[in-house]
Each structure stands twice: as C-alpha cells, then as structure tokens.
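Quick note: residue numbers are just sequence positions, from 1. What you are looking at is a predicted structure, and each value in this text was computed from that prediction instead of being measured.
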Amino acid sequence: MRILFITLACLLSASTAFAQSGKDLDTEASEAYSHQQWDKSEQLYSKLAQTDPANARYWYRYGVSARAGQHYETALHAFDEAKEKGQGKGLPAFVVDYDIASTQAALGHTDQAFAALKSATSAGYAQPDKLEADAAWNPVRSDPRYVELLDQARHNQAPCKYSPESRQFDFWVGDWDVVSTADGHSVGSSHIAHELGDCVIWENWTSANLPYAGKSYNVYNANLKRWEQFWVDNSAGTIFFYGNLKDGIMDYWTDEIPQPSGPATRRHLQFFNLGPDTVRQFSQQSTDGGKTWTVEYDFTYHRRKS
C-alpha cells in the first residue's frame, strides 16, 4: 500500500510538473514575443504549435516571429496554418492575409503579395498607416495596384469620410451663435462636430439664460438609407428623428409620440443651408396626426468667427 501511495504521489507530481512546464512555456513565449525577442519567440512558438496544432494564436505568433527573423518560407507556412485554424475562432482572415501579403512582398513575389493584399482589403483590412510604414512594400509603392489597395485600406478605416451620403449634413458642423429668426434675440449656442471617424455629427446645445442643454447624435443609416437623429437633454427628454436630405434641406420627422398629458405629438424638423455661415433650424409639431401643424421654434445659426 505504501508503494502504491508513493507511486501515485510520483505520478501526480509528474503531472503537475508537466502542466506547470506547459504553462511556463506559454508564458515564456508570450514574454519573448512582447519584448520582440524574435529568435527565441520563433523557437518557443514553434514548439507550442507542434504541441497544440489546433491553436491559431500559436501559429500566428510563430509566423510573426519567423517573419521578423526573415525566415519567410517558415512564416508563410505558419500564417497558412493560422488562417485555417483561426476560422470562426476570433482571428480575422484579413489580419493573416495582410501578413501573408507583406511576407510575399519581402520575398519579391509581387503578384502573390498583391493578391493577398487585395484579399485583405476586400475583407476589411483597415490599417493604412501600417501598410505605409512596412518597408517590404518600398519597391512597389509606385505600382498602381499598391496605390489602389492603400486607398481601399483608407476607405476601410474611415468609410463615412468617403461616403457622399454621410457628408450631406456637414453644412451644420461648426461653432454657432443662435438667434430667433423672428426678432434676432439670442436663444443659445451650439458646438457641432464630427465624431467617430466622421460617422457621427454630434450636436452640443446650450440655451441662453436658461438651465437647459442637450445633445444630438446624427448619422446616416446606410442599411435603411436615411438620416437619423437621437436627441437627449438634461430634463430627461429624448426624441428620435429620421429623414433625408431633400432639395438641399435636411428633413427630419418623428413618429407620433405619446405625451404625459394631451394627445400624441409628431414633429417635423428641418435644417436649411443658407450659405457657408448660416443655417436655419425650423421645427413644427402636430397633435392631430399631421392634419395641421404649429411652429414650435424657428432659429437661425450664425457661424462664430474665430
């Protein structure tokens, strides 16, 4: 019995040591990778990839390390394995395709490099700065294929910046002093800016002589092919508008919205581009399903001089 216990203890100890050793190898590889100790990282991730061949992360880091050490054929094999093993497991194919492209470029395989880069950018690769900084592409920077694919990466990085629809409301962007259209008295001020890669036009409203402020988030919804505005304020108010640019006017509507008291209300909000430094904001509301409308407010924005 004593021998049995000693044998079991030895087995458990060996098992624990093996598990600890595996953990240490992963940690050591990760540290070498983080510190860009590429030769050591390549050796360790090679071992890990052979031990756990289904692990896409191991293959990918093996490829990056081999690529950094100019072991290009080894890197290509590792990247191919990473792409296959990473499908549906959190490793985007376009990430690996870029590394394949860069490695092929370093080998001087121009056609294969551009084929892989096209695959990457077509799938959403969006790191033009990395592409421009990668010395592997230096010999082909003037190639029309490189210029086209770099431009595609830029579009992927900031799609709204290049979308004509997303630029339709840019006339409202700026810092504004806002007055009543009827008599010119000050009603407030607003800072309106591009945010989130120029996808959002962000309004920041402050009323004059009133403790009232609000913000709106305006975005072109490419799926529904319409503009949408979501307004929030410091009195717990929220309003959702939707519409389109029509005859140069940003034309927003709401559905009929239930009110705390009284009938449901529908709003019609319009923005008129009156020139580079002037915008009119005109709001109407209806409480009878759109049969009749009353003016809610009529404001004119004057661009603040810097």
Side-chain angles (χ1 to χ4, degrees), residues 160 165-221 224 226-306:
C160 298
E165 291 81 9
S166 293
R167 305 277 55 84
Q168 290 173 338
F169 208 4
D170 281 0
F171 65 83
W172 197 34
V173 172
D175 290 292
W176 305 90
D177 294 315
V178 187
V179 300
S180 167
T181 301
D183 59 19
H185 78 271
S186 175
V187 293
S189 62
S190 199
H191 169 70
I192 300 162
H194 292 118
E195 295 290 337
L196 298 175
D198 291 356
C199 287
V200 175
I201 293 179
W202 180 40
E203 174 191 12
N204 297 268
W205 169 264
T206 302
S207 292
N209 304 315
L210 290 172
Y212 179 71
K215 300 178 185 292
S216 76
Y217 301 84
N218 301 261
V219 62
Y220 182 76
N221 186 327
L224 296 178
R226 70 183 189 185
W227 275 88
E228 297 175 352
Q229 181 188 98
F230 189 69
W231 165 267
V232 293
D233 62 34
N234 61 354
S235 63
T238 63
I239 309 176
F240 176 69
F241 295 90
Y242 55 88
N244 273 296
L245 189 72
K246 183 178 179 181
D247 298 325
I249 302 165
M250 186 55 68
D251 203 38
Y252 275 139
W253 301 82
T254 70
D255 292 327
E256 287 192 288
I257 303 172
Q259 302 298 308
S261 60
T265 299
R266 189 180 190 200
R267 285 185 168 87
H268 184 197
L269 177 62
Q270 296 173 295
F271 294 85
F272 299 81
N273 182 5
L274 302 181
D277 298 320
T278 310
V279 173
R280 180 188 178 197
Q281 182 179 4
F282 182 54
S283 179
Q284 303 175 82
Q285 63 180 5
S286 173
T287 57
D288 57 9
K291 295 177 182 178
T292 60
W293 295 87
T294 58
V295 175
E296 189 173 19
Y297 60 82
D298 188 355
F299 294 160
T300 297
Y301 288 62
H302 295 293
R303 191 179 300 278
R304 190 173 301 155
K305 304 300 181 182
S306 57

Looking at every heavy atom in both Glu256 and Ala264, which two are closest together, and how far apart are they?
CB-CB, 4.2 Å
How long is the gap from CZ on Phe241 to OG on Ser283, to the nearest 0.5 Å?
6.0 Å
When every non-hydrogen atom of Cys160 is compared with those of Gly197, the smallest separation belongs to CB-O, 3.9 Å
Give a yes or no on whether the backbone of Asp198 and the side-chain of Arg167 come within a donor-acceptor separation of less than 3.5 Å.
yes
For Ser190 against Tyr301, the heavy-atom pair lying closest together:
CB-CE2, 4.0 Å
dist Asn204:CG -> Lys215:NZ (nearest 0.5 Å) comes out at 3.5 Å
Heavy-atom side-chain contact between Phe169 and Tyr220 under 4.5 Å:
no
Sequence neighbours excluded, every pair satisfying side-chain hydrogen bond (donor to acceptor under 3.5 Å, both in side chains) that has a member inside residues 234-244:
Asp233-Ser235, Tyr242-Asp255
Tell me, please, which residues at least two apart from Trp205 pass ring pair (Phe, Tyr, Trp, His ring centres under 6.0 Å).
Phe299
Given Phe282 and Val295, is the side chain to side chain contact (heavy atoms under 4.5 Å, CB included) satisfied, shown in steps?
CA-CA 8 Å; Phe282 182 54; Val295 175; 3.7 Å; yes
If you measure from CD on Glu195 to CH2 on Trp202, what distance do you get to the nearest 0.5 Å?
5.5 Å
Is a donor on one side and an acceptor on the other found under 3.5 Å between the side chain of Glu228 and the backbone of Arg226?
no
Side chain to side chain contact (heavy atoms under 4.5 Å, CB included) evaluation trace for Asn218 with Trp227
CA-CA 7 Å; Asn218 301 261; Trp227 275 88; 4.2 Å; yes
May I ask you to test the Tyr252-Arg267 pair for a side-chain heavy-atom distance under 4.5 Å?
no
Separation of Ile192 CD1 from Asp170 CG (nearest 0.5 Å)
11.5 Å
Take Gln229 and Leu269 through the test side chain to side chain contact (heavy atoms under 4.5 Å, CB included) and record every step on the way to the result.
CA-CA 10 Å; Gln229 181 188 98; Leu269 177 62; 4.0 Å; yes
Within-4.5 Å side-chain heavy-atom neighbours: Gln284 and Gln270
yes
Once rounded to the nearest 0.5 Å, what's the spacing between atom CD of Glu296 and atom OG1 of Thr265?
8.5 Å
Thr278 side, atom OG1; Arg303 side, atom CZ - distance, nearest 0.5 Å
8.5 Å
Nearest heavy-atom contact between Arg266 and Trp293 is O-CZ3, 3.5 Å
Are Ser189 and Arg304 side-chain neighbours, meaning at least one heavy-atom pair lies under 4.5 Å?
yes
Step by step, would you call Thr254 with Gln285 a side chain to side chain contact (heavy atoms under 4.5 Å, CB included)?
CA-CA 10 Å; Thr254 70; Gln285 63 180 5; over 6 Å; no
With sequence neighbours excluded, give me every salt bridge (charged side-chain N to carboxylate O under 4.0 Å, His left out) pair touching residues 239-254.
none
